[in-house]
Asker: 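Before I ask anything, let me first share the structure, which is written out below as structure tokens.
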Amino acid sequence: SKADEPEGAWRVATTMSSAMGEGKDEFLLASDLTPISRSASQGPATITLEYADDAVTGKLAMGPQEMPVNAGLDAPVWPNDEALNVAFMGLPLADDTVVSYRTFDFQTQKVRVWSLKVDGRETVETEAGSFETFKLAIEAMDDMGGGQTNWVTVDAPHLTVKVDATLPPQAGGGAINTVLTSISAE
């Protein structure tokens, strides 16, 4: 935690590599795992967002072109992308859990609502080991598409072991598949 961060804050940083080059995405989450800020960059694209209970503000930039973000919220949102997996760690999951949650899509500047359902238990084998998991079926509750299946450890905190995601059409409609390869403490 840095000196200017709230007590108990979580910093979630993800690095990636694609045809667009190396990228970094970083969320700052409050102790209740709601987002405070997000900064991301890959190639010439940058994203800077600030979250409050009633708005998400910031800017999207592609080289010299900038687009402001100023979206009103009628309720707080959860983080998305990899920081969402951290929020899942704190959920009180059980075999019959069904919840909905909201995220902010910076590309459309709209709130998205999702349904999360525990869809059974499975043993998942990875390079990092064998894990007893809850299988989470996550579906968009709007007409924008997308969705994913997450496998998280049965024991809390619910560590994400595997993700199979389908991108919505506006993000290319492809698939993203991730698997835990190692665990380390810093």
Side-chain angles (χ1 to χ4, degrees), residues 6 8-16 18 23-42 45-61 67-93 97-119 134-152 156-178:
W10 289 64
R11 185 169 294 279
V12 180
T14 306
T15 57
M16 66 209 91
S18 75
K24 182 175 181 180
D25 191 359
E26 187 169 284
F27 271 93
L28 180 63
L29 306 178
S31 60
D32 66 357
L33 304 179
T34 56
I36 297 170
S37 64
R38 180 180 191 180
S39 62
S41 62
Q42 188 169 26
T46 61
I47 302 165
T48 307
L49 301 174
E50 299 291 328
Y51 294 79
D53 288 345
D54 61 349
V56 177
T57 58
K59 68 179 178 179
L60 311 177
M67 180 171 67
V69 174
N70 190 359
L73 302 175
D74 58 7
V77 294
W78 279 13
N80 50 0
D81 299 327
E82 288 306 313
L84 182 60
N85 293 327
V86 174
F88 288 164
M89 291 172 71
L91 284 178
L93 297 175
T97 299
V98 177
V99 298
S100 62
Y101 63 91
R102 302 156 37 95
T103 62
F104 179 73
D105 182 328
F106 69 85
Q107 291 177 320
T108 62
Q109 297 196 30
K110 294 183 179 177
V111 171
R112 301 210 48 207
V113 180
W114 302 88
S115 168
L116 178 151
K117 175 185 174 189
V118 172
D119 196 23
F134 284 125
K135 182 180 178 182
L136 307 180
I138 300 167
E139 297 180 5
M141 296 177 69
D142 56 29
D143 61 357
M144 293 170 51
Q148 62 191 55
T149 303
N150 284 35
W151 288 262
V152 301
H158 304 290
L159 179 67
T160 298
V161 175
K162 179 179 170 182
V163 178
D164 290 340
T166 303
L167 296 173
Q170 71 270 20
I176 297 176
N177 307 97
T178 61

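Hydrogens, waters and symmetry mates play no part in the numbers below; they use all other heavy atoms, side chains included. Here the structure is a predicted model, which is why all the values come from computation and not from measurement.
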Asker: When you look at Lys162 and Asn177, which way does the side-chain contact (heavy atoms from CB on, under 4.5 Å) test go after all the steps?
Answerer: CA-CA 8 Å; Lys162 179 179 170 182; Asn177 307 97; over 6 Å; no
Asker: What distance do Thr34 atom OG1 and Asp53 atom CG have between them, rounded to the nearest 0.5 Å?
Answerer: 7.0 Å
Asker: Nearest heavy-atom pair of Thr46 and Ser41: which atoms, and what distance?
Answerer: CG2-CB, 4.0 Å
Asker: Would you say the side-chain atoms of His158 pair up with the backbone N or O of Leu91, donor to acceptor, closer than 3.5 Å?
Answerer: yes
Asker: Quick check: does any side chain N or O of Glu50 sit under 3.5 Å from a backbone N or O of Ala55, one acting as donor and the other as acceptor?
Answerer: no
Asker: Is Asp164 salt-bridged to Lys135, going by a charged N under 4.0 Å from an acidic O?
Answerer: no
Asker: Let me confirm one number: the CD-OG1 distance from Glu139 to Thr166, rounded to the nearest 0.5 Å.
Answerer: 10.5 Å
Asker: Mind checking whether Val69 and Leu60 have side chains closer than 4.5 Å, heavy atoms only?
Answerer: yes
Asker: Salt bridge or not between Glu26 and Arg11? Use side-chain N to carboxylate O under 4.0 Å.
Answerer: yes
Asker: Is any side-chain heavy atom of Val99 closer than 4.5 Å to a side-chain heavy atom of Thr97?
Answerer: yes
Asker: How long is the straight-line distance from CZ of Phe106 back to CD1 of Ile47, given to the nearest 0.5 Å?
Answerer: 3.0 Å
Asker: Do Asp142 and Lys110 meet the salt-bridge criterion of a basic N to acidic O distance under 4.0 Å?
Answerer: no
Asker: Identify the heavy atoms of Ala13 and Lys24 that sit nearest to each other, and give their distance.
Answerer: CB-CE, 4.4 Å
Asker: How far does CD of Gln148 sit from OG1 of Thr178, to the nearest 0.5 angstrom?
Answerer: 8.5 Å
Asker: Pick one: which of Val163, Asn150, Asp119 meets side chain to side chain contact (heavy atoms under 4.5 Å, CB included) with Ile138?
Answerer: Asn150
Asker: Can you find a heavy atom in the side chain of Val111 that is under 4.5 Å from one in the side chain of Val77?
Answerer: yes
Asker: With a 4.5 Å cut-off on side-chain heavy atoms, are Tyr51 and Ile36 touching?
Answerer: no
Asker: Does any part of the side chain of Leu136, heavy atoms only, come nearer than 4.5 Å to the side chain of Thr149, both counted from C-beta?
Answerer: no
Asker: Can you name the nearest heavy-atom pair linking Pro79 to Thr103, along with the distance?
Answerer: O-CG2, 3.5 Å
Asker: Can you check side-chain contact (heavy atoms from CB on, under 4.5 Å) on Leu28 and Trp10, steps first, answer last?
Answerer: CA-CA 6 Å; Leu28 180 63; Trp10 289 64; over 6 Å; no
Asker: Would you tell me whether Trp114 and Ser100 have side-chain atoms, one donor and one acceptor, within less than 3.5 Å of each other?
Answerer: no
Asker: Going by distance alone, is a donor N or O of one side chain under 3.5 Å from an acceptor N or O of the other, for Arg38 and Asn80?
Answerer: yes
Asker: Report the distance from atom CZ of Arg112 to atom CZ of Arg102, rounding to the nearest 0.5 Å.
Answerer: 13.0 Å
Asker: Which of parallel (below 30°), tilted (30 to 60°) and perpendicular (above 60°) describes Trp78 and Tyr101?
Answerer: parallel
Asker: About how many Å separate CE of Met141 and CG of Leu116, when rounded to the nearest 0.5 Å?
Answerer: 11.5 Å
